[in-house]
Amino acid sequence: HFILRLAYCQSEDLRRWFLQQEMDLFRYRFNELTGGLMQKFLEHVNLSFEAIGEDLKKELANELSASTPGFSLATVKEQMFYKVGLADAVDLFRARRVFIKDGFAYVPFKEIDVIVLNNYRTKLSKALALTARSLPSIQSDERLQPLLNHLSHSYVGPDYSVQKNTGKISLDQIDALSVKSFPLCMRQLHRALRDSHHLRHGGRMQYGLFLKGIGLTLEQALEFWKKEFIRGKVDADKFDKGYAYSIRHSYGKEGKRTDYTPYSCMKIIMSNPPSQGDYHGCPFRHSDPELLKQKLQSYKIPPSGITQVLELVKGMHYQLACQKYFELTHDVDDIGFSLNHPNQYFTESQKLLSGGRELKKEFNNSGNFQPKNNNQESINSSSTPTSSNAKADTELEGLEAYFTED
């Protein structure tokens, strides 16, 4: 975590991205805790809030029910509420999710994660700012600087350099595949290429390596690009002299014989932003929200889905926005995987469309989705105190460091 702070404090974009990922990770870990462990954690990091008594809860029951979405009077009776200073509950107040009285917010236990996350965001933002001040001394260290620069752009998933379906995709299939199985960034590049019969270097590299990753051979790639370019302002001789070399180079057949791998989402999002006239990059990261909305509308994405995508974009969740786009274009509720690579998008899409992939869902005997039962876990854990304490220590391990280190 602390090494990553050094790597990601080097620019405002990197700091924002790192902060959001850490927030997502913390939210996941916190929400995986049972109710008892959440309470123990809050006490451990000195975030204990005053729980209101039963008498006050009965007195405010109607207001709490009316002001807390999804809460009936019966739910209010069962749920623990905390009296929190309004300054700590601004987000909940803004969203009209809590009851306010005399400068205090009455926060149900299920919403306490919002308070904890805001506290963590403040601490981590301060820590990143302090870390950034130490950059001059770190940048002068030749041992550390290359490592830190690499970390902020690294990708550790499959590189999609070798595909089982190499040569199995015909050029005639690409138009159809671009509509049903390409991520938005590649669909945008393909459409731009078909419309203008040309792409600049950044677009050719991003799209060309993606096509290589989905299975186009070198011979197919040369034919694909040549056919498209000569429909524009490039004749066959100019293509052979000016463009064919770079295609062979990307396949490791020229120059240093480096076999280049397709770009990951991180590389596309964080490096080489497009300028005017370019079509590469991540549409969720680099497009104007209004233009993105128009593009999604043209692809027949429903208004509610567009709203969800734009909300994720607004929160800088660019890869989650792409996952939502996958769900909307494939008519599924949960894709069941974390999206990190355009070629992963294509592979998972093809699996889903061919029936080779089942979405991950948990169901009970009646066929309904069965969520995790924190209350039951608390009951089970309380029946075995020794193992419970050991489990609690394991579950909480590392979480307290989020708050105790600046």
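One-based numbering along the sequence shown. Values in this document were obtained by computation on a predicted structure and should not be read as measured data.
Looking at Leu216, Thr258, Leu209 one by one, the single match for side chain to side chain contact (heavy atoms under 4.5 Å, CB included) with Tyr251 turns out to be Leu216. Among Met186, His280, Arg285, His341, the one residue that satisfies the side chain to side chain contact (heavy atoms under 4.5 Å, CB included) test with Ile268 is Met186. Checking each of Arg204, Gln206, Glu228 against Leu199 for a side chain to side chain contact (heavy atoms under 4.5 Å, CB included) leaves exactly one that passes, namely Arg204.
Contact of the Arg194 side chain with the Arg191 side chain is registered, since non-hydrogen atoms from C-beta on lie closer than 4.5 Å. In this structure, the side chains of Phe99 and Phe93 stay at 4.5 Å or more apart for every pair of heavy atoms. Residues Phe284 and Cys322 have side chains in contact (heavy-atom distance under 4.5 Å, counting atoms from C-beta outward). The side-chain heavy atoms of Glu22 and Tyr120, taken from C-beta on, include a pair separated by under 4.5 Å. Considering only heavy atoms from C-beta on, Ile301 comes within 4.5 Å of Thr329 through its side chain. Ser264 places none of its side-chain heavy atoms less than 4.5 Å from the side chain of Ile269. Contact of the Gln344 side chain with the Leu339 side chain is registered, since non-hydrogen atoms from C-beta on lie closer than 4.5 Å. Counting heavy atoms from C-beta on, the side chains of Leu33 and Lys40 never come closer than 4.5 Å.
Taking the six-membered ring wherever Trp is involved, the centroid distance between the rings of Tyr260 and His249 falls below 6.0 Å. Checked against the 6.0 Å centroid criterion, the rings of Phe182 and Phe210 qualify as a close aromatic pair. Checked against the 6.0 Å centroid threshold, Phe346 and Phe326 do not count as a close aromatic pair.
To the nearest 0.5 Å, atoms NE2 (His201) and CG (Asn272) are separated by 8.0 Å. Note that CZ of Phe71 is 9.5 Å distant from CD of Glu78, once rounded to the nearest 0.5 Å.
Taking the centre and axis of the six-membered ring of Tyr299, the NZ or CZ atom of Arg187 falls inside the cone set by 45° and 6.0 Å. Taking the ring centre of Tyr106 as origin, the terminal cationic atom of Lys83 falls outside the region bounded by 6.0 Å and 45° from the ring axis.
Between Trp225 and Phe229, the ring-plane angle classifies as perpendicular under the 30° and 60° cut-offs. Below 30°, between 30° and 60°, or above 60°: for Phe18 and His1 the angle between ring planes is between 30° and 60°, a tilted geometry.
The backbone N or O of Ser250 lies less than 3.5 Å from a partner atom in the side chain of Lys212, making a donor-acceptor pair. Of the possible polar contacts, none joining the Gln350 side chain to the Leu177 backbone as a donor-acceptor pair under 3.5 Å is found.
Residue Asp331 places its CG atom among 12 or fewer non-hydrogen atoms of other residues, nucleotides or ligands, all under 6.0 Å distant.
Of all heavy-atom pairs spanning Gln79 and Pro108, the tightest one is CG-CB, 3.9 Å.
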